[in-house]
Amino acid sequence: MQFGSLQEIVDGYIRDGQSVALEGFTHLIPFAAGHEILRQKKRDLHLIRMTPDLIYDQLIGAGCARALTFSWGGNPGVGSLHRLRDAVENDWPQPLTIHEHSHAGMAAAYTAGAARLPFGILRGYVGTHLSRVNPQIREVRCPYTNDAIATVPAINPDVTVLHAQAADRQGNILIRGIVGAQKEAALAANMLLVTVEEIVDSLGAPMNAIVLPHWVVTAIAEVPMGAYPSYAHGYYARDNAFYLAWDEMSRDRKRFTEWINRHVLCSHDHAEFLDSLAEAA
Amino acid sequence: MQFGSLQEIVDGYIRDGQSVALEGFTHLIPFAAGHEILRQKKRDLHLIRMTPDLIYDQLIGAGCARALTFSWGGNPGVGSLHRLRDAVENDWPQPLTIHEHSHAGMAAAYTAGAARLPFGILRGYVGTHLSRVNPQIREVRCPYTNDAIATVPAINPDVTVLHAQAADRQGNILIRGIVGAQKEAALAANMLLVTVEEIVDSLGAPMNAIVLPHWVVTAIAEVPMGAYPSYAHGYYARDNAFYLAWDEMSRDRKRFTEWINRHVLCSHDHAEFLDSLAEAA
Amino acid sequence: MSVDSALANTYTPAEMMTIAAARLLWPGCVCFVGIGVPSAAANLARLTHAPDMVLIYESGGIGTHPSVLPLSIGDGELAETATAVVSLPEIFSYWLQAGRIDVGFLGAAQIDRFGNLNTTVIGGYGKPKTRLPGAGGAPEIALHAKQIFVVLKQSPRSFVAKLDFCTSAGFLSGHGERARRALPGAGPQAVITDLGVLKPAIGSQELTLVARYENVSVDRIRAATGWPLAVANTVDVMAVPTAEELRVLRDLHKRTEIAHARDASRSRKTPALSASQVNA
Amino acid sequence: MSVDSALANTYTPAEMMTIAAARLLWPGCVCFVGIGVPSAAANLARLTHAPDMVLIYESGGIGTHPSVLPLSIGDGELAETATAVVSLPEIFSYWLQAGRIDVGFLGAAQIDRFGNLNTTVIGGYGKPKTRLPGAGGAPEIALHAKQIFVVLKQSPRSFVAKLDFCTSAGFLSGHGERARRALPGAGPQAVITDLGVLKPAIGSQELTLVARYENVSVDRIRAATGWPLAVANTVDVMAVPTAEELRVLRDLHKRTEIAHARDASRSRKTPALSASQVNA
């Protein structure tokens with residue numbers, strides 16, 4: 001486990017062509033880390049996430065991704081992701097291969113990944129067309145009842161990136177609030193990068209809290225507001241207006257590209273990104 | 001969900017012949033509930049638990065059980081369970097059918113039970129004789145890698161009995177500390193009975209605490225010290241001396257039977273049981 | 001005319017749809033809720049006739065009591081007011097798949113006459129005309145919830161003879177196929193639109209118009225349906241919203257707007273502040 | 001003779017066994033610990049040369065720092081001093097099966113020459129002479145931990161030519177069978193007894209005596225083994241316990257006795273008290 005700047009840890013551990021999961025279920029979405037990946041112009045990534053939202057829309061629109069494994073690709077509470085749509089519908093800026101699941105299927109795949117089983121099982125996908133378009137959705141027979149049970153292959157990302165509330169000085173990570181499949185995605189990965197709101201002397205975690213011990217963490221960067229415009233429970237609220245504005249902003253390729261240039265690429269880091277938004281407001 | 005006395009809820013929900021899991025992994029073992037089952041002379045129970053300890057030794061020695069599903073049957077930190085041994089080795093007081101697993105296998109079986117899957121999968125049992133003596137341990141082939149993966153049938157007890165720290169007045173249950181497979185055993189069961197140290201106005205549970213909501217609970221009884229001689233984190237410590245003394249006490253059939261008569265059967269409830277132990281001390 | 005009845009006469013089709021959905025919920029029912037109309041309907045029911053309903057959001061909140069509607073499925077309000085907050089894998093395995101959900105709410109871009117739903121693509125999958133967000137929790141909600149209520153606006157574009165893609169199973173091809181294939185839940189037992197309510201016919205499971213809203217004709221509903229709509233022998237006219245229903249629903253929406261506006265202004269001010277000072 | 005060397009000359013075989021096991025652990029290693037000698041050895045290592053070791057107990061404590069030894073695998077001390085306390089299903093799936101354990105400690109009633117272990121029965125399974133507690137976590141610890149250290153007293157009754165029952169796989173029939181069958185971990189890399197240390201031979205994986213303790217002859221060790229014991233060309237004599245090792249180990253045991261006696265007296269007094277007043 002090492003501490004570093006976000007720039008250092010993205011540069012040090014994320015390579016072109018890798019499978020990368022920036023997990024987060026509405027809460028604690030690692031926006032700052034996604035922007036740093038975008039700034040460092042990583043290419044040919046296989047992005048993985050149950051709910052690719054705005055940060056994946058940005059990475060896809062900026063040409064960082066060759067593939068996407070997901071189960072719901074929208075702007076939560078708002079509507080479509082226009083850059084994701086443009087990639088799938090029109091191959092812009094480049095073709096995007098999609099591997100599509102349901103939430104239950106992806107949860108089973110991450111769980112299998114964390115447990116290092118080669119597959120997960122669920123009663124799922126019955127009567128749907130998803131298994132027609134995703135050949136990875138298969139089935140086994142129950143050795144006791146002979147029931148057909150759906151299977152999904154384990155997901156084991158090369159790198160998982162999380163945002164969390166806090167790390168202590170040893171590098172133990174505390175996550176609280178809505179946790180989605182973050183723990184499973186973290187433990188399924190070969191490398192785990194974490195941005196945190198703050199590094200503290202003691203996590204003060206309740207006994208059965210969700211803590212990732214330092215020895216499963218690859219690297220940590222302190223990035224205050226690192227989930228903005230998503231939120232960090234106990235630190236700041238979700239900027240719902242940003243999500244609404246994105247719907248408008250992202251419809252047009254030119255406006256999208258200008259926004260990325262102005263706010264992400266021309267910012268040196270997340271603090272400058274936040275400043276540039278404040279100036280524009 | 002109903003509140004009742006321990007006597008009422010054991011009488012109301014536990015029937016001869018049922019499969020019953022009194023779960024607890026060293027911590028929060030439902031001793032009081034086990035004693036009430038013993039007092040009510042339930043018979044032909046199929047007892048289920050990863051770590052049958054003293055309370056199962058007592059139930060088996062008193063003739064309540066026809067079968068036992070388990071993965072480690074000892075007196076933790078001390079040695080053997082002499083009543084369990086006597087039942088297996090000598091059919092005393094009656095034959096006991098055993099269904100034997102490893103902890104990992106039983107954890108997978110409870111997890112499948114809680115998820116209402118017909119079986120659980122694990123990389124386990126490889127190279128051991130357990131699958132020779134437990135025909136329920138089988139295997140499936142991974143549909144992706146063709147690896148052989150062990151399977152266990154789901155465990156779904158008729159009744160699971162837990163002891164927990166607290167319930168609120170709605171019947172929501174808080175468990176904290178070492179939790180073993182209690183949550184899985186609770187959610188795998190058809191009925192869930194819970195004894196608690198106290199009923200409180202508010203659980204004051206941290207956000208990601210282990211809380212079983214009232215609508216999955218069948219019945220609750222307030223039984224202070226209900227885990228004694230096991231412990232309840234935040235309430236009282238484990239009485240290790242009792243566990244040591246049990247090793248001696250339980251070796252002899254006559255001494256065992258006298259102890260059960262004097263302390264359990266002649267006590268009207270758990271408070272009287274505790275008093276009778278205090279008098280004997 | 002009293003103030004209350006004046007209020008009741010001004011309701012919108014969207015309000016009527018929400019209220020019609022809320023009326024189908026009952027005290028104590030365990031409801032798996034999505035964002036939008038389902039969330040509004042479930043909370044309206046909880047704040048009126050079914051105060052002890054259990055709301056479960058797929059983001060992990062079990063027994064949530066939000067005072068405002070979440071804008072996203074993972075709003076902090078849902079965690080703060082929940083009996084328990086669990087992981088997403090747990091929600092889908094120990095709670096949904098385990099058969100603990102009485103009612104699952106689903107929306108869709110397309111529905112067919114047997115209640116099968118499409119939220120994946122319009123056009124072909126490989127090169128779609130419109131790529132929609134996709135499945136999310138819907139396939140397994142449709143499979144495991146004891147029953148499903150579908151909420152969507154009725155039009156020939158959404159009520160189609162043939163789905164472009166089947167994301168979630170309703171009654172499949174009807175005539176008992178769902179039961180024959182042993183899907184655990186009973187499937188869509190009501191489709192609540194902005195015009196009326198459809199229910200599956202006994203035997204065929206074909207969606208059949210059983211109720212219309214005030215001032216909406218059966219012909220108008222037929223015209224908004226992309227197949228020859230089955231109509232029950234008697235079509236009820238659903239009671240208009242009560243003053244209390246409208247008041248509670250509008251209060252809920254108003255509280256929601258105020259809260260989200262406040263959060264947004266607070267959130268955008270915070271970059272300059274120390275993070276731990278805010279909202280801790 | 002100094003006080004320290006006098007101390008070192010008074011050690012018991014059990015102390016030597018614990019210390020020999022502790023010496024095999026290294027800074028930072030992640031160790032899956034059971035009750036008894038393994039727990040004492042792991043904590044001794046943590047309190048001496050390997051302060052940043054990670055101790056995991058199957059009851060759910062990850063990164064525990066107990067100040068006294070647990071009497072049971074689920075003592076409260078393990079939860080109170082852990083980095084995280086997780087469920088037992090999680091310990092076995094996300095942590096052990098996932099290959100995150102460097103060293104798993106196991107004891108046994110019987111061991112054979114290839115390090116296979118029996119903790120299930122002496123005699124036949126159906127009608128055993130002695131029913132032992134059973135498998136517990138051992139089969140999967142033996143399978144998944146990157147390596148296994150076995151700790152048990154050496155006698156012809158425990159070191160047997162043929163196990164009555166195989167509870168946990170060592171090298172199976174040796175000669176590469178474990179590798180051919182692709183068991184994930186490397187199996188038993190050391191067997192630490194009260195007489196010396198055995199390690200698997202390259203090629204055959206037969207357990208081979210590589211070290212003996214001071215004042216214990218190779219012949220005595222042969223006599224304590226129920227098969228013709230393989231002996232390395234050179235058998236080291238393990239260094240006697242250092243004064244620090246003995247001091248730390250004895251302090252640990254003394255603290256443990258005091259704590260458990262205190263807990264017991266407190267626990268037996270509590271029935272008369274209100275539960276929530278105690279230890280809250």
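We name chains A, B, ... by the order of the sequence lines, and we start the count at 1 in each one.
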CH2-OG1 distance between A:Trp72 and C:Thr120, expressed to the nearest 0.5 angstrom: 12.5 Å

Side-chain heavy-atom pair C:Pro139, A:Leu130 within 4.5 angstrom cut-off: yes

Toward chain C, the part of A:His270 with a non-hydrogen atom under 4.5 Å: neither

Partner chain C: residue of A:Gly73, A:Ala181, A:Gly24 with the largest heavy-atom pair count (under 4.5 Å): A:Gly73

Residue list, ring-ring contact (aromatic ring centres under 6.0 Å, His included) with C:Phe114, at least two apart or on another chain: C:His175

Leading residue by heavy atom contact count with chain A [cutoff under 4.5 Å; candidates C:Ala135, C:Gly134, C:Gly136]: C:Gly136

Proximity breakdown for C:Ser39 and chain A, heavy-atom pairs closer than 4.5 Å: neither

Shortest non-hydrogen separation from C:Glu80 to A:His233 and the atoms involved: OE2-NE2, 3.0 Å

Interface moiety of A:Asp91 toward chain C, non-hydrogen atoms closer than 4.5 Å: both

Side chain proximity check, A:Ile98 to C:Arg131, heavy atoms < 4.5 angstrom: yes

Value rounded to 0.5 Å, distance of OG1 in A:Thr26 from CD in C:Glu58: 8.5 Å

Per-residue contact mode, A:Met50 against chain C (heavy atom under 4.5 angstrom): side chain

Enumerate, atom names and distances included, each donor-acceptor pair closer than 3.5 Å involving a side-chain atom of residues 66-75 of chain C, sequence neighbours excluded.
residue : atom : partner : partner atom : Å
C:Ser67 : OG   : C:Glu77 : OE2          : 3.0
C:Ser72 : OG   : C:Gly74 : N            : 3.2
C:Ser72 : OG   : C:Asp75 : N            : 3.4
C:Ser72 : OG   : C:Asp75 : OD1          : 2.7
C:Asp75 : OD1  : C:Ser72 : N            : 3.1
C:Asp75 : OD2  : C:Leu71 : N            : 2.8

Among the listed options C:Ala138, C:Gly36, C:Gly137, the residue most often paired with chain A at heavy-atom distances under 4.5 Å: C:Gly137

Contacting moiety of A:Phe70, where chain C heavy atoms sit under 4.5 Å: side chain

Heavy-atom proximity to chain A below 4.5 Å, by part of C:Phe165: both

Residue pairs fulfilling ring-ring contact (aromatic ring centres under 6.0 Å, His included) with at least one residue in residues 60-89 of chain C, sequence neighbours excluded: none

Close side-chain approach of C:Pro128 to A:Val88, heavy-atom, < 4.5 Å: yes

Donor-acceptor contact present, side-chain A:Tyr231 to main-chain C:Gly76, <3.5 Å: yes

Part of C:Arg181 within contact of chain A (heavy atom distance under 4.5 Å): side chain

Top of A:Gln165, A:Arg123, A:Glu184 for chain C proximity - count of heavy-atom pairs under 4.5 angstrom: A:Arg123

Enclosure of A:Arg141 CZ (heavy-atom neighbours >12, cutoff 6.0 Å): yes

Check: C:Glu140 side chain, A:His103 main-chain N or O, donor-acceptor pair, under 3.5 Å: no

Side chain to side chain contact (heavy atoms under 4.5 Å, CB included) between A:Arg132 and C:Tyr125, intermediate numbers included: CA-CA 10 Å; A:Arg132 295 187 190 174; C:Tyr125 184 81; over 6 Å; no

Region of A:Ser102 that comes under 4.5 Å of a non-hydrogen atom in chain C: both

Option that, when pairs with chain A are counted at under 4.5 Å, heavy atom only, ranks first among C:Thr130, C:Leu96, C:Val121: C:Thr130

Closest contact, heavy atoms only, A:Gly79 versus C:Pro133: O-CG, 4.3 Å

A:Glu89 side-chain N/O to C:Lys127 backbone N/O, donor-acceptor pair under 3.5 Å: no

Top contributor to chain A interface from C:Ile35, C:Leu163, C:Leu172, C:Leu143 [non-hydrogen pairs under 4.5 Å]: C:Leu143

Greatest number of heavy atom pairs closer than 4.5 Å to chain C - which of A:Lys183, A:Arg85, A:Arg176: A:Arg85

Contact listing (chain A partner; residues 81-93 of chain C; heavy atom under 4.5 Å): C:Val85, C:Val86, C:Ser87, C:Leu88, C:Pro89, C:Phe92

Atom NZ of C:Lys146: over 12 foreign heavy atoms under 6.0 Å: yes

